[in-house]
Amino acid sequence: SAISNITVARAGGESLTFSGSIAANKTLVIDAGTMQVQNDGVDAYDDLAFTPTADLATWFSLLPGDNQVTITYTGAIGGDIEFAYYEAWY
């Protein structure tokens, strides 16, 4: 079944909330580098919200070293969550 109200939060930092719904066996991609959001390949930028502390130039940043990231959502239990990180220079 679908999941919705997905929040990705870094302890002591910003968080992103996706208010849309992701159908079973579909993929949500939030790319902070290109500032794009796709829900099963379809633009879903308007469903993403940022906390007031988010740096809109980077969306979601990781600090050097270890980072504690929490993901919460409503709906089905299970599924896969994958993070890909690459360095960016501003």
Requested in this report: Decide yes or no on side-chain contact (heavy atoms from CB on, under 4.5 Å) for L62 and R10, but give the supporting numbers first.
Outcome: CA-CA 8 Å; L62 297 174; R10 180 175 55 81; 4.2 Å; yes
Requested in this report: Decide yes or no on side-chain contact (heavy atoms from CB on, under 4.5 Å) for Y73 and N5, but give the supporting numbers first.
Outcome: CA-CA 5 Å; Y73 59 89; N5 300 316; over 6 Å; no
**Report entry** Working for side-chain contact (heavy atoms from CB on, under 4.5 Å), residues F83 and N67
**Finding:** CA-CA 12 Å; F83 282 90; N67 289 262; over 6 Å; no
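For the pair A2 and S21, the tightest heavy-atom approach, listed with the atom from each and the gap, is CB-OG, 3.5 Å. When all heavy atoms of I3 and G75 are compared, the pair lying nearest together is CG2-C, 4.2 Å. When all heavy atoms of S15 and A9 are compared, the pair lying nearest together is CB-CB, 3.6 Å.
Both I71 and L16 are members of a single hydrophobic cluster when ILVMFWY side chains are connected at heavy-atom separations under 4.5 Å. Hydrophobic clustering (ILVMFWY, side-chain heavy atoms < 4.5 Å, transitive): L48 and I81 are in one cluster. V37 and V29 are not part of a single hydrophobic cluster, where members link through side-chain heavy atoms under 4.5 Å apart. Placement of I30 and V69 within a single hydrophobic cluster is found when ILVMFWY residues are connected by side-chain heavy-atom separations under 4.5 Å, directly or transitively.
With rounding to the nearest 0.5 angstrom, the CD1 atom of I22 is 5.5 Å from the CG atom of N39.
D43 CG: more than 12 foreign heavy atoms inside a 6.0 Å radius. Atom CD1 of I77 sits in a sparse spot, with 12 or fewer heavy atoms from other residues, nucleotides or ligands closer than 6.0 Å.
At distances below 3.5 Å, not a single donor-acceptor pair connects side-chain atoms of D40 with backbone N or O atoms of Q38. Using modelled atom types, one side-chain atom of S19 and one backbone atom of D47 make a donor-acceptor pair closer than 3.5 Å.
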